[in-house]
Amino acid sequence: MRLGLALGYWGRGPDPRHLELAQEAERLGYHSVWTAESWGSDAFTPLTWLAAHTTRIALGTAVAQMAARTPTATAMQALTLDHLSGGRMMLGLGLSGPQVVEGWYGRPFPKSPLTATREYVEVIRQVLNREAPVRLDGRYHPHPYAGPDATGLGKPLKPIVHPLRAGLPVLLGAEGPKNIAQTVRIADGWLPLYWSPSRTELYQATLSDARDGFMVAPMTQVRVCADVAEGLKPVKAMLGFYIGGMGHAARNFHADLMARFGYEAEARRVRELFLGGRRAEAIEAVPDAFADEISLVGPRERIAERLELWRKGPITDLLALAPDLETLRVLAELAG
């Protein structure tokens with residue numbers, strides 16, 4: 001099980017610790033470092049900055065949002081950064097949800113998310129393969145565009161730049177069972193948002209079809225601390241925001257995922273409190289047990305014991321949302 005450092009996206013502004021954390025992760029032998037985006041900082045610019053200040057560590061987006069760019073624009077950014085970094089780029093993609101897609105990007109959320117994702121990945125594959133001009137008779141991402149408002153002058157094109165690697169890894173952030181099954185078929189890896197090492201049976205059948213080399217790389221909050229309850233507070237804050245704030249009362253993929261973990265009533269309560277403006281209560285309503293089983297929090301000895309559970313499952317890469325240098329170092333020692 002390889003280690004990765006997940007830096008997420010910025011809050012109010014850039015986090016001055018990120019570069020130091022990435023460089024220390026590289027020194028410690030971490031395999032990868034990952035950036036993300038929501039509706040603030042983008043994923044590619046910080047990753048390019050990190051690429052310029054490191055030499056060996058792999059670089060990933062976890063995740064870049066599909067609605068933010070056309071698939072060809074995403075492929076351009078990936079192949080450009082792959083060249084600049086000497087072949088270190090990994091492209092993690094996510095569809096997001098209707099609240100973000102329509103509310104922030106001003107685009108309709110696809111009625112068939114599976115089809116939209118499949119077409120998006122297909123276009124990127126064609127760009128990276130550069131075997132022929134990009135052509136796709138697609139519902140969401142047709143190339144060339146031939147809709148009712150088209151000029152009819154669209155020309156199939158292939159990238160001017162020769163991609164460094166046709167096999168640049170493409171990973172998908174997927175939550176629903178059908179989405180995960182499709183990810184196994186069309187992608188090089190899966191980026192689970194939540195992972196519980198005690199519930200691997202939820203994905204056993206689906207992942208059994210994965211080909212050799214398929215990455216399973218969950219993002220996990222890791223924190224070395226004396227007080228477990230205190231260490232779980234940031235985990236609960238994250239869960240409260242995702243389950244309560246990143247979605248609608250009638251459609252929330254994160255709440256649905258929590259329900260599949262066996263916390264349906266608790267997820268409903270968190271969502272009700274958050275949407276009712278009672279955010280502190282929503283965070284407090286997140287069960288400690290749920291926050292604990294999807295994270296690695298506590299004293300070194302406790303993390304060492306629990307880390308063995310993560311090793312036993314199908315995980316290939318553990319992407320640690322590690323907030324400090326000590327946690328990074330302890331995790332490297334335990335996983336070494």
Side-chain angles (χ1 to χ4, degrees), residues 6-12 34 36-40 62-63 65-67 92-105 109 113 172-180 183 190-200 202-203 217-223 228-297 318-323:
L7 296 174
Y9 43 78
W10 297 352
R12 237 175 240 273
W34 303 74
E37 61 189 8
S38 54
W39 51 89
V63 295
Q65 294 185 328
M66 297 183 211
L93 301 169
L95 193 60
S96 193
Q99 294 73 28
V100 176
V101 172
E102 297 181 1
W104 179 248
Y105 293 112
F109 188 76
L172 294 173
E175 296 181 28
K178 292 181 179 179
N179 203 349
I180 296 169
T183 296
W190 174 38
L191 296 162
L193 179 60
Y194 312 138
W195 180 270
S196 170
S198 61
R199 299 179 192 269
T200 56
L202 291 174
Y203 310 110
M219 288 168 280
T220 307
Q221 291 213 37
V222 185
R223 184 168 286 100
V228 175
E230 190 68 24
L232 286 176
K233 285 183 178 180
V235 185
K236 294 178 64 168
M238 176 272 292
L239 288 169
F241 176 65
Y242 272 76
I243 294 163
M246 280 197 171
H248 186 269
R251 192 170 190 183
N252 184 311
F253 300 138
H254 306 295
D256 293 344
L257 180 57
M258 183 176 171
R260 284 196 294 276
F261 274 54
Y263 297 95
E264 183 175 1
E266 293 88 343
R268 188 183 310 113
R269 181 60 177 160
V270 170
R271 190 172 55 208
E272 289 171 354
L273 288 168
F274 198 99
L275 295 177
R278 298 156 65 182
R279 297 192 176 192
E281 292 179 61
I283 292 170
E284 185 59 31
V286 174
D288 282 12
F290 178 51
D292 194 29
E293 70 175 276
I294 65 168
S295 63
L296 285 164
V297 171
L318 189 153
L319 310 186
L321 287 156

K.L.:
Looking at every non-hydrogen atom in both residues, tell me the closest pair between S295 and Q221 and how far apart they are.
P.N.:
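Closest approach of S295 to Q221: CB-O, 3.3 Å.
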
K.L.:
If you measure from the Lys or Arg side-chain nitrogens to the Asp or Glu carboxylate oxygens, is any gap between R268 and E264 under 4.0 Å?
P.N.:
yes

K.L.:
Looking at A174, is its backbone amide N or carbonyl O close enough to the side chain of W190 to form a donor-acceptor pair, meaning the two atoms are under 3.5 Å apart?
P.N.:
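Side chain of W190 to backbone of A174: a pair is present.
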
K.L.:
Contact between D288 and V228 at the side-chain level, heavy atoms closer than 4.5 Å - yes or no?
P.N.:
no

K.L.:
Any idea which heavy atoms bring E293 and F261 closest together, and the distance?
P.N.:
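Closest pair (atom of E293, atom of F261, distance): OE1-CD2, 4.1 Å.
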
K.L.:
Tell me, do L191 and W34 make a side-chain contact under 4.5 Å, heavy atoms counted?
P.N.:
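A side-chain contact exists here, since the closest heavy-atom pair is under 4.5 Å.
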
K.L.:
Under 6.0 Å between the ring centres of Y203 and W195?
P.N.:
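Aromatic pair counts; centres sit under 6.0 Å.
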
K.L.:
In terms of heavy-atom contacts, does CZ of R199 have more than 12 from other residues, nucleotides or ligands at under 6.0 Å?
P.N.:
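For R199, atom CZ is crowded (more than 12 foreign heavy atoms under 6.0 Å).
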
K.L.:
Run the numbers on V297 and V235 for side-chain contact (heavy atoms from CB on, under 4.5 Å), then give the verdict.
P.N.:
CA-CA 9 Å; V297 171; V235 185; 4.3 Å; yes

K.L.:
Using a 6.0 Å cut-off, check whether atom CD of E175 has over 12 heavy atoms from anything other than its own residue.
P.N.:
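Above 12, so yes.
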
K.L.:
I need the T220 OG1 to L318 CG distance, nearest 0.5 Å.
P.N.:
4.5 Å

K.L.:
Tell me the closest heavy-atom pair linking A255 and A267, and the distance in Å.
P.N.:
O-CB, 3.9 Å

K.L.:
Assign the ring pair F290 / Y194 to parallel, tilted or perpendicular, where the plane angle (0 to 90°) is split at 30° and 60°.
P.N.:
perpendicular

K.L.:
Can you find a heavy atom in the side chain of M258 that is under 4.5 Å from one in the side chain of P287?
P.N.:
yes

K.L.:
Atom CZ of F274 and atom OH of Y242: how far apart are they, to the nearest 0.5 Å?
P.N.:
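Answer rounded to 0.5 Å: 12.0 Å.
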
K.L.:
What pair of heavy atoms forms the shortest contact from L93 to M66, and how long is it?
P.N.:
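Looks like CB-CE, 4.0 Å.
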
K.L.:
Let me confirm one number: the CD-CZ distance from Q99 to F109, rounded to the nearest 0.5 Å.
P.N.:
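These two atoms lie 8.5 Å from each other.
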
K.L.:
Work out which heavy atom in S38 is nearest to a heavy atom in Y105; give both atom names and the distance.
P.N.:
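That closest heavy-atom pairing would be O-OH, 3.4 Å.
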
K.L.:
Measuring from atom CG of L321 to atom CE of M238, what distance do you get when rounded to the nearest 0.5 angstrom?
P.N.:
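Answer for the CG-CE pair, L321 versus M238, is 7.5 Å.
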
K.L.:
How far does CG of N179 sit from CG of L172, to the nearest 0.5 angstrom?
P.N.:
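Reported value, rounded in 0.5 Å steps: 7.0 Å.
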
K.L.:
Mind checking whether W39 and F241 have parallel, tilted or perpendicular rings, split at 30° and 60°?
P.N.:
tilted

K.L.:
Does R269 come within less than 4.0 Å of E266, counting only side-chain N to carboxylate O?
P.N.:
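Result for this pair is no, no salt bridge flagged.
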
K.L.:
Would you compute the distance between atom NZ of K236 and atom CG of D292 and round it to the nearest 0.5 angstrom?
P.N.:
11.0 Å

K.L.:
Which heavy atom in A285 sits nearest to a heavy atom in L273, and how many Å separate them?
P.N.:
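Scanning both residues completely, I find the closest heavy atoms to be CB-CD1, 3.8 Å.
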
